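What you see is a predicted model; the values in this text were computed from it and never measured.
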Amino acid sequence: MHITHTMLTTASPERIWKIWTDVKNWKQWDVMLRGALLKGNFQKNVHGVFIPEKGPKAEFTVTSCDPNFSYTVTTKLPLAQIHIHRFLGYHNMKTTFTHEIWVEGPLSWMWWKFLGRSATTQLSQAMKNVKQLAEAEG
C-alpha cells in the first residue's frame, strides 16, 4: 500500500521546504485538508493535528526530519499507521520534490481501501499546487 509522485520545478529546494514545513498553510495546497496545526517548531518528535475536508481530526507526529531535505509525518489509526514522506532532490539543474504515502499494520489493507483511492487521485493535484506556489514566490 504505497503511492509516490515526483515533480520537477524551477523553484529552489528552500522554497519547497518552506511550503512543506509551513503546517498552518498546508490547506493552501493539500486538497484533502481543511487545516492543520503544529504544536511547536517543525522538527522530529513534534506533534500536530490534521483537519481533513472529510472525517475527524487526526493527530500526527513528525517521525523524521532532515532539514532542507526530507521529513516524515505519521498518523496512528486503529491497527495501522499512515506515513507521509516528502523529500527533495536535483535533476538537470532543477529541483525535484517527491511525496510518498504508505500504510502499515494489520489493518493497512482496510485503511488503504478506505483512503488510498482519494489519496492517489488528489496527490497529483497537491503536488501541482505546491509547484505553482513555489514558482509564484520565486
Side-chain angles (χ1 to χ4, degrees):
M1 284 41 120
H2 180 268
I3 57 172
T4 185
H5 192 80
T6 299
M7 290 191 84
L8 284 170
T9 181
T10 57
S12 70
E14 293 81 13
R15 288 236 185 257
I16 300 292
W17 186 259
K18 182 181 174 192
I19 292 166
W20 272 352
T21 58
D22 183 8
V23 175
K24 70 178 185 232
N25 286 308
W26 280 354
K27 64 185 176 191
Q28 291 181 353
W29 56 268
D30 190 326
V31 295
M32 296 179 70
L33 293 179
R34 201 166 18 119
L37 307 167
L38 191 65
K39 300 171 184 174
N41 294 325
F42 199 97
Q43 60 190 13
K44 187 176 178 180
N45 297 323
V46 171
H47 300 277
V49 177
F50 291 121
I51 306 165
E53 281 293 334
K54 298 178 183 176
K57 293 179 183 178
E59 292 189 11
F60 69 86
T61 302
V62 179
T63 51
S64 73
C65 184
D66 185 0
N68 295 307
F69 176 66
S70 72
Y71 70 84
T72 303
V73 297
T74 301
T75 300
K76 292 183 180 183
L77 302 168
L79 297 173
Q81 294 180 342
I82 296 177
H83 304 281
I84 300 168
H85 180 65
R86 298 177 177 134
F87 62 95
L88 297 161
Y90 303 96
H91 181 73
N92 290 336
M93 305 289 288
K94 290 187 179 181
T95 302
T96 63
F97 60 109
T98 301
H99 187 134
E100 298 179 305
I101 302 171
W102 72 94
V103 184
E104 295 180 315
L107 290 182
S108 60
W109 64 272
M110 183 195 73
W111 287 105
W112 192 256
K113 190 172 184 178
F114 181 67
L115 300 169
R117 183 175 294 143
S118 64
T120 300
T121 58
Q122 296 187 9
L123 180 57
S124 175
Q125 185 59 52
M127 294 288 284
K128 289 175 188 172
N129 293 345
V130 168
K131 179 178 177 170
Q132 184 177 17
L133 277 171
E135 291 178 354
E137 289 179 12

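At least one side-chain heavy atom of Val73 sits under 4.5 Å from a side-chain heavy atom of Phe50. Using a 4.5 Å heavy-atom cutoff, the side chains of Asn129 and Val31 are in contact. Taking 4.5 Å as the limit, every side-chain heavy atom of Ser12 sits out of range of all side-chain heavy atoms of Trp17. Contact check for Lys27 versus Arg34: no side-chain heavy atoms found under the 4.5 Å cut-off. Considering only heavy atoms from C-beta on, Ile16 comes within 4.5 Å of Thr9 through its side chain. Contact of the Leu38 side chain with the Lys24 side chain is not registered, since no non-hydrogen atoms from C-beta on lie closer than 4.5 Å. Residues His2 and Thr4 form a side-chain contact, since some pair of their non-hydrogen atoms from C-beta on lies under 4.5 Å apart.
Expressed to the nearest 0.5 Å, how far CG of Leu123 lies from CE of Met32 amounts to 9.5 Å. Atom OG1 of residue Thr63 and atom CD of residue Gln81 lie 8.5 Å apart, to the nearest 0.5 angstrom. Atom NE2 of His5 sits about 9.5 Å away from atom CD of Gln125, to the nearest 0.5 Å. Between atom CD1 of residue Ile101 and atom CD1 of residue Ile82 there is a gap of 8.0 Å, rounded to the nearest 0.5 Å. The line from NZ of Lys57 to CD1 of Ile51 is 5.0 Å long, rounded to the nearest 0.5 Å. Thr21 contributes atom OG1, which lies 12.0 Å from atom CD of Gln43 (distance to the nearest 0.5 angstrom).
Each of Phe42 and Phe69 belongs to its own hydrophobic cluster when Ile, Leu, Val, Met, Phe, Trp and Tyr are linked at side-chain heavy-atom distances under 4.5 angstrom. Leu77 is connected to Val62 through a chain of hydrophobic side-chain contacts under 4.5 Å among Ile, Leu, Val, Met, Phe, Trp and Tyr, so both are in one cluster. Cluster annotation: Leu33 is not connected to Leu37 through the hydrophobic network of ILVMFWY side chains, with a link wherever side-chain heavy atoms come within less than 4.5 Å. Using a 4.5 Å cut-off between side-chain heavy atoms of Ile, Leu, Val, Met, Phe, Trp and Tyr, with links allowed through other members, Leu107 and Trp112 fall into the same hydrophobic cluster.
Closest of all the heavy-atom pairs between Arg15 and Ala134 is CD-O, 3.6 Å. The minimum heavy-atom distance linking His83 with Thr74 is given by the pair ND1-OG1, 2.9 Å. Scanning both residues, Ala80 and Val103, for their nearest heavy atoms gives CB-CG1, 4.1 Å.
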Extract all donor-acceptor atom pairs below 3.5 Å that involve side chains of residues 84-97 and protein atoms in other chains or at least two apart in sequence.
{"residue": "His85", "atom": "ND1", "partner": "Tyr71", "partner atom": "O", "Å": "3.2"}
{"residue": "His85", "atom": "ND1", "partner": "Thr72", "partner atom": "OG1", "Å": "2.7"}
{"residue": "Arg86", "atom": "NE", "partner": "His99", "partner atom": "ND1", "Å": "3.2"}
{"residue": "Arg86", "atom": "NH1", "partner": "Tyr71", "partner atom": "OH", "Å": "2.5"}
{"residue": "Thr95", "atom": "OG1", "partner": "Ala11", "partner atom": "O", "Å": "2.7"}
{"residue": "Thr96", "atom": "OG1", "partner": "Gly89", "partner atom": "N", "Å": "3.3"}
{"residue": "Thr96", "atom": "OG1", "partner": "Gly89", "partner atom": "O", "Å": "3.4"}

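Side-chain atoms of Glu100 do not come within 3.5 Å of backbone N or O of Ile3 as any donor-acceptor pair.
Side-chain polar atoms of His47 and Glu59 form no donor-acceptor pair below 3.5 angstrom.
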(message) Run Phe60 and Trp26 through ring pair (Phe, Tyr, Trp, His ring centres under 6.0 Å) and show every step you take.
(response) CA-CA 14 Å; Phe60 69 86; Trp26 280 354; 5.7 Å; yes

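The number of heavy atoms from other shown groups lying within 6.0 Å of CD (Gln132) does not exceed 12.
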